Amino acid sequence: MVNVAVLVSGGGTNLQAIIDAKAAGKLPDVRLALVVASTPKAYALERAKAAGIEGCVLRKEKGEDPALYGQRLLALLKAHDIQLVVLAGFLTILPENVIHAYDHRILNIHPSLIPSFCGDGFYGLHVHEAVLKRGVKVTGATVHFVNEITDGGDIIAQKAVDVLPGDTPETLQRRVMEQAEWLLLPMAVQQVAASIQ
Ligand code: GAR
């Protein structure tokens, strides 16, 4: 079993997909050990609580040295013996010391087909707004390893989703979640966990 921490900032539907996959027996090599939220307002914390997973809040303070924030996060992960980290809608940039300590042990879900619509400023609804503005007919989601380049790490899995006439950023976001993110992320977590244990 691999001890996994899921890092979140918002609603936590991707966390829920992982929790549901675990409950359905689809993550045999995964132990959901910890949920870390970047803000106490993250509804994802309620989801963790309901699933009986330990949850905590770790904020990056305004003006805080990234390396110090990284040390606090690393201490938390170490205290829970975390081997694999999953960014599931986590909106704080991870400092380099964390990325280096968990080389090829941090996964991120991004709501587009990388290398399109990714990088700095592309997160959440902004991604789908940009997709609609550009007028592409296919988008999707990507799970990738995290390195020091935003959305630049090795790709683990991708799934395409159609853009439909009349889509708003909200309808497109929902379709990308339902048809891609919520399937792809649990599968990728299990795949990586199985490969490292
Ligand atoms: C998801 O769509 C995820 O792909 C995206 O934020 C949303 C979080 O939703 N992540 C990014 O844009 C990262 N660049 P959730 O809190 O309901 O899982």
Side-chain angles (χ1 to χ4, degrees), residues 4-23 27 30 32 34-51 53 55-60 85-95 98-99 106-134 136 138-163 167-189:
V4 174
V6 184
L7 276 49
V8 295
S9 297
T13 65
N14 279 287
L15 168 66
Q16 190 66 53
I18 297 170
I19 290 170
D20 293 348
K22 180 68 194 169
L27 307 182
V30 171
L32 293 174
L34 183 65
V35 169
V36 182
S38 60
T39 161
K41 292 183 194 147
Y43 183 71
L45 285 168
E46 301 300 320
R47 299 180 188 273
K49 197 173 171 189
I53 303 166
C56 61
V57 178
L58 190 83
R59 280 182 197 264
K60 183 176 184 299
V85 176
V86 179
L87 309 186
F90 185 65
L91 298 181
T92 304
I93 300 289
L94 275 187
V98 177
I99 291 171
I106 307 175
L107 279 65
N108 180 47
I109 177 93
H110 181 76
S112 77
L113 293 174
I114 290 174
S116 291
F117 307 106
C118 65
D120 293 337
F122 286 97
Y123 61 91
L125 267 187
H126 298 300
V127 177
H128 306 292
E129 283 163 5
V131 163
L132 291 174
K133 195 169 174 201
R134 185 62 187 83
V136 296
V138 177
T139 183
T142 302
V143 180
H144 63 92
F145 287 115
V146 172
N147 67 8
E148 57 287 338
I149 301 162
T150 308
D151 300 325
D154 292 338
I155 291 173
I156 301 165
Q158 292 187 299
K159 193 167 186 291
V161 174
D162 287 336
V163 180
D167 262 338
T168 63
E170 289 78 11
T171 62
L172 185 57
Q173 179 183 53
R174 182 76 192 181
R175 187 175 318 109
V176 168
M177 283 176 159
E178 283 177 355
Q179 294 186 6
E181 295 186 45
W182 298 341
L183 310 171
L184 220 51
L185 186 58
M187 266 177 39
V189 174

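Not measured: the values here are computed from a predicted model. Start at 1 and go down the list; that is how both ligands and their atoms are numbered.
- Taking 4.5 Å as the limit, every side-chain heavy atom of Val6 sits out of range of all side-chain heavy atoms of Val189.
- Annotation: Gln173 places no N or O atom under 3.5 Å from an N or O atom of ligand 1; distance criterion only.
- Considering backbone and side-chain atoms together, Asn108 places no N or O closer than 3.5 Å to any N or O of ligand 1.
- The CG atom of Asn108 lies 4.0 Å from the NE2 atom of His144; values are rounded to the nearest 0.5 Å.
- Considering only non-hydrogen protein atoms, atom 11 (C) of ligand 1 sits nearest to Pro111 CD, 3.6 Å.
- Residue Asp151 has no nitrogen or oxygen atom sitting less than 3.5 Å from a nitrogen or oxygen atom of ligand 1, judged on distance alone.
- Between Thr13 and ligand 1, at least one pair of N/O atoms sits closer than 3.5 Å.
- With salt bridges taken as basic N to acidic carboxylate O contacts below 4.0 Å, one links Arg175 and Asp167.
- The protein heavy-atom contact nearest to atom 8 (C) of ligand 1 is Gly89 CA, 3.6 Å.
- Contact check for Ser38 versus Val8: no side-chain heavy atoms found under the 4.5 Å cut-off.
- Among the atoms of Leu91, none of the N or O lies under 3.5 angstrom from an N or O of ligand 1.
- Every atom of ligand 1 with a heavy atom of Gly11 under 4.0 Å away is listed here by number and element: 16 (O).
- Shortest contact from atom 16 (O) of ligand 1 to any protein heavy atom: Gly12 N, 2.7 Å.
- For the side-chain contact (heavy atoms from CB on, under 4.5 Å) with Leu184, the qualifying choice from Thr142, Val143, Ile156 is Val143, the only one to do so.
- Ranking protein heavy atoms by distance to atom 14 (N) of ligand 1, first place goes to His110 ND1, 3.2 Å.
- Taking 4.0 Å as the cut-off between side-chain N and carboxylate O, Glu178 and Arg174 count as a salt-bridged pair.
- Between Pro111 and Gln173, every side-chain heavy-atom pair lies at or beyond the 4.5 Å cut-off.
- Considering CD1 of Ile99 and CG of Leu94, their distance stands at 5.5 Å, rounded to 0.5 Å.
- At the shortest separation from atom 9 (O) of ligand 1 among protein heavy atoms lies Met177 CE, 3.5 Å.
- Only the backbone of Phe122 comes within 4.0 Å of ligand 1, judged by heavy-atom distances.
- Taking the side chain as every heavy atom from C-beta outward, Leu172 and Val163 approach each other to under 4.5 Å.
- Counting only heavy atoms of the protein, atom 4 (O) of ligand 1 lies nearest to Glu181 OE1, 2.7 Å.
- By the 4.0 Å heavy-atom criterion, Ala44 is excluded from the residues contacting ligand 1.
- Side-chain contact check for Thr13 versus Met177: some heavy-atom pair is nearer than 4.5 Å.
- The shortest heavy-atom distance from Ile109 to ligand 1 is under 4.0 Å.
- Counting atoms of ligand 1 from 1 in the listed order, those under 4.0 Å from a heavy atom of Gly124 are 11 (C), 12 (O).
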